[in-house]
Amino acid sequence: MSDRSALVELANFIGRSPLAAPDASARNKALSGMTQRMLPRQRRSVGDMLAVVMALSARTRRMAQDPVNVEIDVFAPGGRRAVRMMLGG
């Protein structure tokens, strides 16, 4: 996808947002829906709690590991370097 089509799509998305509607009742309805989704649910299941624990455990484990540097060299058929990418610090 080209950069231009991505920008056009973004411009159309903003223009169709219910928050940009000229009708105040439509804007209030959109805001009400957003705030209702942000409120905490009353009933949490054991699966929800387990998912949170697993996510926190994985994040803690990743943070405790040493940083890794990755270098990728790509050579052309003639032996010259075609691409060199360095990821990390």
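Note: hydrogens, waters and symmetry copies are ignored here, and every other heavy atom, side chains too, is used.
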Checklist line | Donor-acceptor contact present, side-chain Arg27 to main-chain Pro22, <3.5 Å | finding: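 Yes: the side chain of Arg27 pairs with the backbone of Pro22.
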
Margin query: Tell me if the CZ atom of Arg59 is crowded by more than 12 foreign heavy atoms within 6.0 Å.
Written below: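 No, because the 6.0 Å sphere around CZ of Arg59 holds 12 heavy atoms or fewer from other groups.
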
Next item on the list: Measure from the side-chain N and O atoms of Thr60 to the backbone N and O of Leu56, and report whether any donor-acceptor pair falls under 3.5 Å.
Entry: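 Yes, Thr60 side chain to Leu56 backbone: donor-acceptor pair under 3.5 Å.
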
Notebook entry, point to check: Restricting to pairs with a member in residues 63-72, which pass salt bridge (Lys or Arg N to Asp or Glu O under 4.0 Å), not counting sequence neighbours?
Noted result: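 Every salt bridge (Lys or Arg N to Asp or Glu O under 4.0 Å) pair that includes a residue of residues 63-72, provided the two are not neighbours, is Glu71-Arg84.
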
Next item on the list: Answer yes or no: is there a donor N or O on one side and an acceptor on the other, between the side chain of Thr35 and the main chain of Leu31, under 3.5 Å?
Entry: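 Looks like yes, one N/O pair under 3.5 Å.
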
Checklist line | Taking every non-hydrogen atom, the tightest pair across Ala82 and Ala76 | finding: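 Smallest interatomic distance, heavy atoms only, reads CB-N, 3.9 Å.
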
